[in-house]
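Working notes, structure below.
Heavy-atom basis, side chains included; hydrogens, waters and symmetry copies ignored. Note that the numbering runs from 1 along the sequence shown for the chain. One-based numbering, in listed order, for ligands and for the atoms of each.
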Amino acid sequence: MEPLPDIVAVMVCVAVDVPYSYRVPHGMQVVRGSIVAVPLIGRTTLGVVMGVPKDNYAHNRLKDIEQVFDVPPVSEELLRTVEWVSRYTLAPPGLVLRSVVRSKEALEPERPITAFRATGVIPPKMTAARQRVLDLLADGEDWAKAALVGASGVSASVIDGLERAGSVSRISVAPPPIVQPPDPDAAPPVLNAAQAEALEAIRALPDGGFGVALLDGVTGSGKTEVFFEAVADTLRAGRQALILLPEIALTHTFLERFTRRFGTRPGEWHSDMTPVQRSRTWRAVMDGTVRAVVGARSALFLPFHELGLIVLDEEHDGAYKQSEGVNYHARDMAVVRAKFADARVILSSATPSVESRNNANLGRYAHVVLHARFAEAAMPDISPVDMREEPPEKGTWIAPRLAREIFATLDRGEQALLFLNRRGYAPLTLCRACGHQYQCPDCSAWLVEHRFRGVLMCHHCGHEVRTPQACTECGAVDSLVPVGPGIERVAEEAAARFPDARTVVLSSDMGSHDQLRERFQEIEQGAYDLVIGTQLVTKGHHFEKLTLVGVLDADLGLDKGDPRAAERTFQILTQVTGRAGRANRAGKALLQTYHPTHPVMTAMVKGDREAFYAHEMAAREAGGLPPFGRLAALIVSANEHEPAFTHAKQLLSAAPMAEGLKLFGPADAPIAMVRGRHRVRLLAQSGKDFDLSGYVRFWLENGPKPTGNIRVQVDVDPQSFM
Ligand code: ADP
Ligand code: ZN
């Protein structure tokens with residue numbers, strides 16, 4: 001690439017909309033993509049050189065670039081992805097760029113580590129401790145100081161003594177690579193016929209070019225094995241592979257599977273890593289030492305230079321949508337990046353999003369289907385428990401039929417899972433004496449009792465108080481009653497009804513990631529008979545002894561004012577019932593429901609996915625909802641309700657007319673207050689071929705500007721309507 005002239009446009013990694021011009025000092029060379037440090041309002045900021053400035057500034061007003069980092073420039077495809085994400089989500093490009101260039105540490109050369117090697121000189125005074133060190137060094141290798149201390153059990157001063165005696169010499173060595181390169185041929189599986197066919201369909205995507213496959217296979221059909229082979233192909237072709245997972249911190253089993261298949265751990269990218277691990281991984285991805293990464297959605301912005309494949313496992317998962325800062329959906333942006341990088345995408349799921357199914361139907365994505373479970377495993381037998389006909393006894397949540405099935409399962413020495421997607425003990429606490437309902441002071445939400453921890457807690461902002469002994473309103477003692485169940489309450493019932501079962505309760509607030517990981521391992525090893533959990537237990541786990549799944553409230557989530565409520569319910573029910581009978585024992589699932597004739601329930605019971613998709617797509621198309629139309633939400637918030645609402649009304653009246661565009665609102669958000677801020681929503685709906693992002697940008701640029709503490713957030717393709 002030609003070096004650029006002496007004035008360049010630099011996009012700084014802060015929330016700004018346009019690049020600023022800087023002077024390239026004499027002797028420095030930069031190209032498009034060079035990562036630089038520049039002065040900005042009195043401090044140094046990281047930025048990326050975009051090219052020649054569009055405007056001509058007077059030379060003497062410009063500041064110099066302070067430093068250009070000795071790393072490869074950001075690739076053209078990533079720069080174009082950043083630009084695209086910014087234009088689509090309306091997030092300032094500098095803010096999107098901050099997802100790429102994160103820290104200065106990653107840009108500095110790696111610090112060498114201190115190591116020792118033997119010189120052959122025998123120390124004048126030999127001690128047992130010294131001998132242990134020299135014995136280790138007798139292998140002729142260089143040993144890092146920390147490793148030498150760890151392996152010999154001596155203190156660091158012994159090594160210093162040996163150094164003074166001239167018996168060991170101190171050297172600086174490059175730190176070992178963060179991971180070893182994966183071997184595509186380490187342990188390839190023998191695919192069954194259906195898997196082999198699926199792999200061939202993926203291989204048939206354009207060679208070395210862009211293409212998307214929807215890997216649509218029932219739970220336990222062996223999708224992971226199939227996309228691992230596509231990863232192997234990518235590695236063999238000398239390109240890098242990225243696997244995105246929705247819930248990275250809990251997927252130790254996935255990392256182990258990768259390690260078994262490729263002989264080494266992948267590069268990792270998630271929130272559990274230390275800053276040093278992050279920096280090292282980032283740099284190794286950029287310089288190409290890391291060939292495969294398993295990561296959370298933000299790994300999408302890693303500086304790959306040879307990206308050949310992006311896999312999204314559980315592509316339907318809501319965790320792929322980021323709803324803070326840059327509101328992007330990792331599935332859509334993965335397709336965008338792959339297009340610019342001439343790479344492939346595999347979207348894998350047992351319950352594909354309606355969006356992806358539609359793209360497959362239209363032939364935009366190759367539709368690769370696995371109809372049956374791997375080997376002997378059969379799909380679970382699913383039946384409804386009609387809560388109107390056979391309800392649980394008053395004050396309990398497990399219907400008699402489900403209880404009988406649990407007993408039978410435990411008698412056979414198998415595992416049962418009770419699923420309720422609600423953390424805590426009870427979603428509502430009220431005072432029997434005065435009727436007071438405990439609410440969050442800062443959010444329009446009830447406080448959820450967490451009995452294990454003895455608190456009432458807001459699930460929106462984290463506010464918590466100790467559960468009071470007496471009503472804080474009327475002072476009545478022992479008058480608080482829990483209303484409705486959370487999993488802790490179900491666990492209490494289970495403990496009373498199945499006292500001999502070894503029971504474990506699992507939700508995201510029940511311990512650190514490491515602790516949860518341990519619990520999952522114990523379940524896999526059969527240490528528990530009864531698992532009670534939230535959504536956390538539905539994702540990706542493979543519990544061989546688990547043969548019964550009881551869904552306590554299959555209707556939860558159906559009645560929200562959300563266009564994706566039915567889809568989400570279908571997905572979560574399929575995922576959770578899919579935990580049953582994954583090995584060679586038959587699985588069974590019971591759905592406790594008040595709506596056994598709802599299309600979601602009938603599709604579940606009949607095992608008829610196609611019926612669900614057909615029904616759901618027809619409904620979406622009739623309503624002009626995604627993927628047959630576009631939505632963008634504007635959330636206006638303020639410290640008081642009135643200014644938020646007034647601003648939303650003014651925005652609405654300033655909205656430009658456009659053919660086929662519909663505007664809804666303003667309306668108080670279903671959760672009208674969060675963290676003390678009142679929230680008012682506007683919704684724009686358009687046809688598929690309308691540039692809704694462009695429209696909203698034009699609207700906001702020309703509409704009234706927020707003043708005071710009013711804020712306007714844009715959410716293109718909103719996934720949450722709360
Ligand atoms: P999915 O990702 O579709 O839910 P998995 O890939 O987890 O399914 O496969 C389900 C189970 O079957 C796993 O235990 C996996 O190891 C096993 N399995 C799948 N394909 C093969 C294969 N070709 N050879 C051996 N075991 C396989
Ligand atoms: Zn709150």
If the threshold is 4.0 Å, N to carboxylate O, is there a salt bridge linking [X] and [Y]?
X      : Y      : result
Arg357 : Glu610 : yes
Lys321 : Asp715 : yes
Lys588 : Asp381 : no
Glu225 : Arg261 : no

Exercise for the section: With heavy atoms only and a cut-off of under 4.0 Å, state how Leu370 meets ligand 1: side chain, backbone, both or neither. Expected result: neither
Exercise for the section: State if Ser221 counts as touching ligand 1 under the rule of any non-hydrogen atom under 4.0 Å. Expected result: yes
Handout entry: Gln439 CD: over 12 foreign heavy atoms closer than 6.0 Å
Key = yes
Handout entry: Within 6.0 Å of NZ in Lys545, more than 12 heavy atoms from elsewhere
Key = yes
Check whether any N, O or S atom of [X] sits under 2.8 Å from the Zn ion (ligand 2).
X      : value
His463 : no
Cys458 : yes
Cys440 : yes

Problem - Close N or O approach (Gly222, ligand 1; < 3.5 Å) - result: yes
Completion exercise
The atoms of ligand 1 lying under 4.0 Å from a heavy atom of Val190, numbered in the order shown, are 22 (C), 23 (N), 24 (N)
Practice task
Any atoms of ligand 1 less than 4.0 Å from a non-hydrogen atom of Arg257? List them with their elements.
Solution key: 5 (P), 6 (O), 7 (O), 9 (O), 15 (C), 16 (O)
Exercise for the section: Applying side chain to side chain contact (heavy atoms under 4.5 Å, CB included), run through Val537 and Phe520 and close with a yes or a no. Expected result: CA-CA 9 Å; Val537 300; Phe520 284 124; 4.2 Å; yes
Handout entry: Option whose closest heavy atom lies nearest to atom 4 (O) of ligand 1, chosen from Gly220, Ala196, Ala194, Pro188
Key = Gly220
